[in-house]
Amino acid sequence: MKISNRIVKGTVVISIYGVIKKKDIEILLSKLHNYIDKGYRYFVIDLRHTRHSHYIFGYRLSEFKRRVDSLGGRLSLVLASKYIMQILRLSGDDWTYSISQNQKQALNVILKFRRGNA
């Protein structure tokens, strides 16, 4: 797994490449929680270049999403693969409203959300 991250207009954008193994999940979630500890509340996670993920990732991402929601933030996923979507759905959550086709669309969703909550 390879991760790239950047901050765009106060939103953390993380792109994940390759395969997310079970041992990678803790590293990734730790990085995400560190951003929350620094005050960030808006996240885009780009999974378009993720080929496979351990099934636990969906559960852990759901937990993270609930934390972000409880803080008044927003998590948006960029997803192109139905296979990765199936893995995320194993968590039992409905990710439909969190999915965008590309990073620009995901950032626009978050900006609209922020304007509505300002």
Side-chain angles (χ1 to χ4, degrees):
M1 173 185 82
K2 180 183 170 200
I3 301 173
S4 71
N5 53 321
R6 60 192 174 107
I7 309 296
V8 179
K9 297 180 182 178
T11 301
V12 177
V13 179
I14 297 199
S15 299
I16 304 171
Y17 302 86
V19 175
I20 303 172
K21 297 177 183 173
K22 188 175 182 181
K23 66 179 180 159
D24 298 328
I25 295 169
E26 289 307 315
I27 295 166
L28 177 60
L29 269 292
S30 174
K31 185 177 283 239
L32 290 169
H33 286 289
N34 284 338
Y35 278 113
I36 286 180
D37 294 343
K38 292 178 184 176
Y40 291 97
R41 301 289 182 260
Y42 305 100
F43 297 86
V44 172
I45 300 177
D46 188 343
L47 297 168
R48 287 178 299 166
H49 306 288
T50 304
R51 294 188 319 269
H52 176 72
S53 173
H54 191 278
Y55 75 94
I56 295 293
F57 180 62
Y59 294 102
R60 297 301 309 275
L61 194 59
S62 290
E63 291 170 359
F64 179 74
K65 182 180 183 301
R66 284 192 290 279
R67 182 174 182 206
V68 169
D69 291 346
S70 73
L71 295 169
R74 179 80 182 235
L75 170 68
S76 187
L77 301 177
V78 180
L79 196 60
S81 168
K82 290 180 182 180
Y83 173 69
I84 297 296
M85 184 60 172
Q86 285 299 105
I87 293 171
L88 293 177
R89 283 190 178 143
L90 291 174
S91 69
D93 281 355
D94 182 8
W95 293 94
T96 307
Y97 299 105
S98 301
I99 303 295
S100 296
Q101 298 297 317
N102 55 53
Q103 285 184 14
K104 184 177 179 180
Q105 183 185 29
L107 286 166
N108 284 336
V109 167
I110 288 177
L111 288 175
K112 285 180 187 176
F113 176 81
R114 290 170 77 173
R115 279 189 221 117
N117 288 333

> Side-chain contact test, heavy atoms from C-beta onward, threshold under 4.5 Å: evaluate it for L29 versus F64 and give yes or no.
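SC-SC contact between L29 and F64 confirmed.
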> Can you tell if the side chain of R114 reaches within under 4.5 Å of the side chain of T11, non-hydrogen atoms only?
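They are in contact (side-chain heavy atoms under 4.5 Å apart), so the answer is yes.
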> Mark yes when over 12 heavy atoms from residues, nucleotides or ligands other than Y35 sit less than 6.0 Å from its OH; otherwise mark no.
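Check passes, neighbour count above 12.
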> Are the side chains of V13 and I7 in touch, meaning some heavy atoms are under 4.5 Å apart?
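Not touching, per the 4.5 Å side-chain cut-off.
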> Between CG of L75 and OG of S98, what distance do you get to the nearest 0.5 Å?
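Reported value, rounded in 0.5 Å steps: 6.0 Å.
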> Out of curiosity, K65 NZ to L32 CG, how far, rounded to the nearest 0.5 Å?
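Atom-to-atom, K65:NZ and L32:CG are 14.0 Å apart.
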> How far apart are the closest heavy atoms of Q101 and R48, and which atoms are they?
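Closest approach of Q101 to R48, heavy atoms only: O-CD, 3.8 Å.
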> Could you see if Y42 belongs to whatever hydrophobic cluster contains I3? Use Ile, Leu, Val, Met, Phe, Trp, Tyr and a side-chain cutoff under 4.5 Å.
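No, Y42 does not connect to I3 through the hydrophobic network.
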> Distance from L28 atom CG to H33 atom NE2, nearest 0.5 Å?
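The NE2 atom of H33 is 9.5 Å from CG of L28, to the nearest 0.5 Å.
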> Nearest 0.5 Å, what's the CG-CZ distance between D69 and R66?
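Going from the CG atom of D69 to the CZ atom of R66 covers 9.0 Å.
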> Any link between Y40 and V109 through a network of hydrophobic side chains (Ile, Leu, Val, Met, Phe, Trp, Tyr) touching at under 4.5 Å?
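Looking at the clustering, V109 is in a separate group from Y40.
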> Kindly indicate whether the side chain of M1, heavy atoms from C-beta on, has any atom under 4.5 Å from the side chain of T50.
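Side chain of M1 against side chain of T50, heavy atoms only: no contact under 4.5 Å found.
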> With a 3.5 Å cut-off and sequence neighbours excluded, list the donor-acceptor pairs that the side chains of residues 16-26 form with protein atoms.
from: D24; atom 1: OD2; to: K21; atom 2: N; distance (Å): 3.0
from: E26; atom 1: OE1; to: R60; atom 2: NH1; distance (Å): 3.3
from: E26; atom 1: OE2; to: R60; atom 2: NH1; distance (Å): 2.1

> On a heavy-atom basis, which atom in L111 and which in K9 lie closest, and how many Å separate them?
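Distance-wise, the nearest heavy atoms are CD1-CD, 4.2 Å.
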> Are V8 and V78 linked, directly or through intermediate hydrophobic residues, by side-chain heavy-atom contacts shorter than 4.5 Å (ILVMFWY only)?
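Yes, one cluster joins them.
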> Should I56 and L79 be counted in the same cluster of Ile, Leu, Val, Met, Phe, Trp and Tyr side chains packed under 4.5 Å apart?
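Same cluster.
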> So, does R41 use its side chain to make a donor-acceptor pair with the main chain of I36 at under 3.5 Å?
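Side chain of R41 to backbone of I36, a donor-acceptor pair under 3.5 Å: yes, one is there.
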> Working to the nearest 0.5 Å, report the span between CG of D46 and OG of S4.
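The CG atom of D46 sits 8.0 Å away from the OG atom of S4.
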> Between CG of L47 and CD1 of I14, what distance do you get to the nearest 0.5 Å?
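Nearest 0.5 Å value for the CG-CD1 distance: 10.5 Å.
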> Is there a donor-acceptor pair under 3.5 Å between the side chain of S70 and the backbone N or O of R67?
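Checking the backbone N and O of R67 against the side chain of S70, a donor-acceptor pair under 3.5 Å is found.
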> Just so I know, are the side chains of I45 and L61 near enough to count as touching, which here means a heavy-atom distance under 4.5 Å?
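Heavy-atom side-chain distance check passes, below 4.5 Å.
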> For S15 and Q103, work out which heavy atoms get closest and say how close.
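Looking at all heavy atoms of both residues, the shortest contact is OG-NE2, 3.1 Å.
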> If hydrophobic clusters are built by linking Ile, Leu, Val, Met, Phe, Trp and Tyr wherever their side-chain heavy atoms come under 4.5 Å apart, do I110 and L77 end up in the same one?
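Each belongs to a different hydrophobic cluster.
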> Donor-acceptor pairs under 3.5 Å, side chain of residues 82-93 to any protein atom, not counting sequence neighbours: which ones?
from: Y83; atom 1: OH; to: H52; atom 2: ND1; distance (Å): 2.5
from: Q86; atom 1: OE1; to: R89; atom 2: NH1; distance (Å): 3.2
from: S91; atom 1: OG; to: S62; atom 2: OG; distance (Å): 3.1
from: S91; atom 1: OG; to: L88; atom 2: O; distance (Å): 2.8
from: S91; atom 1: OG; to: D93; atom 2: N; distance (Å): 3.3
from: S91; atom 1: OG; to: W95; atom 2: NE1; distance (Å): 3.4
from: D93; atom 1: OD2; to: S62; atom 2: OG; distance (Å): 2.7

> Among residues at least two apart in sequence or on other chains, which ones pass side-chain hydrogen bond (donor to acceptor under 3.5 Å, both in side chains) with N34?
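Testing N34 for side-chain hydrogen bond (donor to acceptor under 3.5 Å, both in side chains), a comparison that skips the adjacent residues, returns none.
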